[in-house]
**Student:** 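First the structure, then my questions, so here it is.
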Number of protein chains: 2
Amino acid sequence: MIRVLVADDQALVRGAVVTLLGLEPDLDVVAEAGRGDEVLDLVRAHDVDVALLDVEMPGMDGIEVCRSLIASGMGVRSLIVTTFGRPGFVRRALEAGAAGFVVKDTPASELADAVRRVHAGERVIDGALAAESLIEGANPLTVREQDVLRAALGGAPIAVVAKAVHLSEGTVRNYLSSAMAKTATSTRAEAAVHARDRGWL
Amino acid sequence: MIRVLVADDQALVRGAVVTLLGLEPDLDVVAEAGRGDEVLDLVRAHDVDVALLDVEMPGMDGIEVCRSLIASGMGVRSLIVTTFGRPGFVRRALEAGAAGFVVKDTPASELADAVRRVHAGERVIDGALAAESLIEGANPLTVREQDVLRAALGGAPIAVVAKAVHLSEGTVRNYLSSAMAKTATSTRAEAAVHARDRGWL
DNA sequence: AACTCACCATGACATCTGTCAGGTGCAGTC
DNA sequence: GACTGCACCTGACAGATGTCATGGTGAGTT
C-alpha cells in the first residue's frame, strides 16, 4: 500500500482527487491539507510515502513545502501538481528536490500511475513542460529584479514600488529597465506579467 | 436519475469531479467536455438535466455557454463552478440564466447536493460571493472602457492598445483615465488588474 | 424639445517613466 | 591583487502617460 497525502487549497478539487485516488486498490490517502504550512506536520504524523502538492497554496507554496520535506529527512517523495504550466516552476521544483511534476491538464487516469512511478523511485516530468523549460533556459533575472517585478505586478506607480522594496526610485527604475531588456518588453507592467508567466517570480 | 454534464478544461479536475459525482447513486454523468464550444452539441446529444460549467475554458467561457444553453430552449439547468470568486461573475452568470454558482473552494460533499438542488429548481449561490456582489454593486465601466482595459491587461504601451481597439491614442487615454477614476487607481495597469479581479472584464 | 449619457476625438500641460552615463562598495574567483 | 558581477545610488533627458478643457455625434429619456 502506498500512503498518499493530498495538498490543494481548492476543497472541491482536493476532495475529488482524494476520492479518485482512493478508488485505486494500491493507494491509500491518509491525509489532506488545504494550506501549505499544514503539510509538514501531517506528513510527520501519518508516515506518508508520496505527497501530492499543489503549487498555488496559502501559507506556503508547494515548492517550499517540497523543500521543507526534503530538509526534514523523512523518506517522503513529492509530486508537484499545478494549474499553470510555467517552465520556471519545473526548474525550481526539481531544484527543491521534487520527484515529479505534472499539470492539471493531464488525464485523471495518469495521476495514479504518476504516484506509483514516483513511489518506485522514478522521476515523472510533464513532457511538454520539460522541453519548454529546457529551451527557455534558466531565470535570467537577479534577485532584486525579481523583488521589484513582484512589487510592480499590480501595476502600481514606481514611487509605491520603491517604498515597498525600500529602494530609491532611481534604483527601481534601473532594475525595471534591465528587467524590461531581459524580457524584451517596453513597460514595467509588461515585464512583470511576462516574468510571472514564465515562473520567474 | 439526474443526467449531468461536466465541463472543465483541466482534465485532471474534470476526471476527478466526474468520478466523485459518479459515486452518487442518483447522479449519472453522461458527458464530459474540455472546451466550452463542445458543450451545446453534447447537451443536445445526451439529454442533459444539469450542466456543470467552469468559467475559465478555451473556445467559449462558461457564462457564454450558459447563455447559449438557455437560448437553445432545452430544459438544461446550468451550475457555474469557478476557481476565482469574482463578484462580477455572479451577476453575469445570473443574467445569463445560470441556476447556480459555486466556487471550487466549497467542500466536495456539497457539490452533489448543489446539483440536486439545482435540478429541483432551486437557485444555489455561494453565500460569501452573493454578499460581495451585492455590496459591490454593478459593473460601473462602459463597454469601451472594458475593451480598452482588456487590451491594457498585459501592460502594453498605449500606442499598442490604441491599435488593438482601433481608436486614437487620445481617446484611449481618456477611457483609461475615466476607468482609473472609477477604480480609484493611478495607472492603467492597476486599473486593469483591479477591474479583472472584480470580474468586470 | 431638452436632457443625459456613451462614444469619439483633439490639443495642451505637468508629471511620470524609461534610458543612458556615470559612480561606489562588496563578494567571489582566477 | 586584478577582475567580474551584483547591489545600490545619482543626475539628466526624451518621450510616454494621465489630466483637463472642449466639442461633436447619436441613442435613449423625460
**Student:** Run the numbers on B:Asp54 and B:Arg14 for salt bridge (Lys or Arg N to Asp or Glu O under 4.0 Å), then give the verdict.
**Tutor:** CA-CA 10 Å; B:Asp54 190 12; B:Arg14 185 174 71 245; over 6 Å; no
**Student:** Could you grab the distance from atom CG of B:Leu40 to atom CD of B:Glu64, nearest 0.5 Å is fine?
**Tutor:** 12.5 Å
**Student:** Think B:Tyr175 has a side-chain N or O under 4.0 angstrom from the OP1 or OP2 of C:dC7?
**Tutor:** no
**Student:** Write out a two-atom table: protein N or O, nucleotide N or O from nucleotides 26-29 of chain C, distance below 3.5 Å.
**Tutor:**
none

**Student:** Kindly compute the distance separating CZ (B:Arg77) from CZ (B:Arg123), expressed to the nearest 0.5 Å.
**Tutor:** 7.0 Å
**Student:** Measure NZ/A:Lys182 against C1'/C:dG18 and give the value in whole Å, please.
**Tutor:** 16 Å
**Student:** Round to a whole Å and report the spacing from CG of A:Leu167 to C1' of D:dT10.
**Tutor:** 14 Å
**Student:** What closest approach, in Å, do A:Cys66 and A:Ala96 show between heavy atoms, and which atom pair accounts for it?
**Tutor:** SG-O, 3.6 Å
**Student:** In Å and rounded to the nearest 0.5 Å, what is the CG to CG distance from B:Leu111 to B:Leu21?
**Tutor:** 5.0 Å
**Student:** N/O contacts under 3.5 Å, protein versus nucleotides 18-24 of chain D?
**Tutor:**
unit_1, atom_1, unit_2, atom_2, d
D:dG18, OP1, B:Arg188, N, 3.2
D:dG18, OP1, B:Arg188, NH1, 3.4
D:dG18, N7, B:Arg173, NE, 3.2
D:dG18, O6, B:Arg173, NH2, 3.3
D:dT19, OP2, B:Ser177, OG, 2.5
D:dC20, N4, B:Asn174, OD1, 3.0

**Student:** Which heavy atom in A:Tyr175 sits nearest to a heavy atom in A:Glu145, and how many Å separate them?
**Tutor:** O-CG, 4.0 Å
**Student:** Using a cut-off of 4.0 Å on non-hydrogen atoms, how would the nucleic acid contact of A:Thr171 be classed: base, sugar-phosphate, or nothing?
**Tutor:** base
**Student:** Please give, in whole Å, the distance from C:dC7 P to B:His166 NE2?
**Tutor:** 17 Å
**Student:** Roughly how bent is the helix from C:dA1-D:dT30 to C:dC30-D:dG1 end to end, in steps of 10 degrees, with each end axis from five pairs?
**Tutor:** 30°
